[in-house]
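Structure record follows, encoded as structure tokens.
In this text the structure is predicted, and so the values were computed from the model without any measurement. Within every chain, numbering begins at 1; the chains are lettered A, B, ... in the order of the sequence lines, protein sequences first and strands thereafter.
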Amino acid sequence: MQLATWNVNSLGVRLPQLLDWLKAHPVEALVLQETKLTDDKFPQAEIEAAGYHVVFHGQKTYNGVALLSRSPATDVVRNIPGFADQQARVIAGTVNGIRVIGGYFPNGQAPDSDKFVYKMGWLTALREWVRGQLAAHPELVLMGDYNIAPDDRDVYDPVAWAGQIHCTDEERTHFQQLLGLGLSDAFRLFDQPPKIWSWWDYRNLAFRKNQGLRIDHILVSQALVPSVQSCEVDKPTRKNERPSDHAPVLVTLSR
DNA sequence: ATGACCCCCCAGGGGGGA
């Protein structure tokens, strides 16, 4: 079975692509980020007609997350418990015994900004919550748009991006601390070719020049590592006529 | 080439993304 994450950059715009994508990629579960829809406008009927259960947590204009699954998700959680947050960034549920957590991590804007301070606090709250989730659910996947490029290998121009948002030591330390909970970056469980990204700027002909970052990740718990068969970025979806700036990322499990 | 986008808001430009 496959699990996947995709920052769709407006589900209102991308719904037809999502429905096409699900036909071509009948994944067991998919988390979405940047749906940018309040819950009353969420296209639940269309997604259910495509054969998926769905739970969601949105807001106007910004952020918004959803969890689609072939079987219903149970124990659904919206946002990080105990962390007061005006922004809709997390949705979690248990699907076929696997705890699936989808996150739209804060961007952070710039290392000297208030938004960076928020990003750091959010990451700390997420880590402490996920620590408990792992104790309760040994089979766990934490996936989404992390807005962190974990390593210089994940950046098309690491010199130009050194110290910039997504690439600061503080963000990378947070990523390592998530791994320290007992999670593994599914993509790095395998030898990978260089220059694999999950996001390409709309500007500067970035996709055509393959100038991007790998900031969308699937972290799996140790109990799941033996069943991970592959982890791939679905780059062709970024070539669609009216694409999101992110490509989906998929993990394949032997179950 | 010192360029180059897209989506939201909601009606002319501004905020945000990464």
Fill in: Test: A:Arg255 and A:Glu139 ion pair at under 4.0 Å
yes

Worksheet item: So which of residues 10-20 of chain A are in contact with DNA chain B, with a heavy-atom cut-off of under 4.0 Å?
Response: A:Ser10, A:Val13, A:Arg14

Worksheet item: Centre of A:Phe105's six-membered ring, under 6.0 Å away, within 45 degrees of the axis: is that where NZ or CZ of A:Arg89 sits?
Response: no

Worksheet item: Starting at the 5' end of DNA chain B, which residue's closest nucleotide do you reach first, A:Phe105 or A:Thr61?
Response: A:Thr61

Fill in: Along DNA chain B, first and last positions that approach a heavy atom of chain A under 4.0 Å
B:dA4 to B:dA18

Worksheet item: Thinking salt bridges, do A:Lys209 and A:Asp201 make one under a 4.0 Å N-O criterion?
Response: no

Discussion item. Using atom P in both nucleotides, what's the gap between B:dG15 and B:dA11 to the nearest angstrom?
Written reply: 16 Å

Item to complete: Could you identify which residues of residues 192-208 of chain A place a heavy atom less than 4.0 Å from some atom of DNA chain B, listed by residue number, or say none?
Response: A:Trp199, A:Tyr202, A:Arg203, A:Asn204, A:Leu205

Item to complete: Identify which one of A:Gln2, A:Gln229, A:Met1 satisfies the side chain to side chain contact (heavy atoms under 4.5 Å, CB included) criterion when paired with A:Leu253.
Response: A:Met1

Worksheet item: Dot-bracket, DNA chain B: Watson-Crick or G-U, under 3.5 angstrom, [ ] crossing, | other strand?
Response: ....(((((...))))).

Worksheet item: Looking at A:Asp154 and A:Arg188, does any basic side-chain N land under 4.0 Å from a carboxylate oxygen?
Response: yes

Practice prompt. Output yes when a side-chain donor or acceptor of A:Arg14 lies under 3.5 Å from a complementary backbone atom of A:Asn9, and no otherwise.
Written response: yes

Worksheet item: With a 3.5 Å cut-off and no angle check, do the side chains of A:Trp200 and A:Asp245 form a donor-acceptor pair?
Response: no

Discussion item. Using 30° and 60° as the class boundaries, would you call the ring planes of A:His246 and A:Trp199 parallel, tilted or perpendicular?
Written reply: tilted

Worksheet item: Ring centres of A:Phe175 and A:His217 under 6.0 Å apart?
Response: yes

Item to complete: Share the residues that join A:Val117 in a hydrophobic cluster, the rule being Ile, Leu, Val, Met, Phe, Trp or Tyr side chains under 4.5 Å apart at the heavy-atom level.
Response: none

Item to complete: Describe the nucleic acid contact of A:Glu34 in one word from base, sugar-phosphate, nothing, applying a heavy-atom distance below 4.0 Å.
Response: sugar-phosphate

Worksheet item: What integer number of Å spans the P atoms of B:dA18 and B:dC7?
Response: 14 Å

Item to complete: Answer yes if the side chains of A:Thr5 and A:Asp216 hold a donor-acceptor pair under 3.5 Å, and no otherwise.
Response: no

Discussion item. Using the rule given for salt bridge (Lys or Arg N to Asp or Glu O under 4.0 Å), can you reason through A:Asp152 versus A:Arg172, listing the C-alpha separation, both sets of side-chain angles and the distance that settles it, and then say yes or no?
Written reply: CA-CA 10 Å; A:Asp152 281 354; A:Arg172 287 176 168 178; 3.0 Å; yes

Worksheet entry | B:dC10 versus B:dG16 - spacing of their P atoms, nearest Å | 15 Å

Practice prompt. Considering only atom C1', compute the distance from B:dC6 to B:dT2 and round it to an integer number of Å.
Written response: 22 Å

Item to complete: Answer with base, sugar-phosphate or nothing: what part of the nucleic acid does A:Asp216 contact at a heavy-atom distance below 4.0 Å?
Response: nothing

Discussion item. Please classify the nucleic acid contact of A:Asp145 as base, sugar-phosphate, or nothing, using heavy-atom distances under 4.0 Å.
Written reply: sugar-phosphate

Under 3.5 Å donor-acceptor pairs involving side-chain atoms of residues 42-51 of chain A, not counting sequence neighbours:
{"unit_1": "A:Gln44", "atom_1": "NE2", "unit_2": "A:Glu48", "atom_2": "OE2", "d": "2.9"}

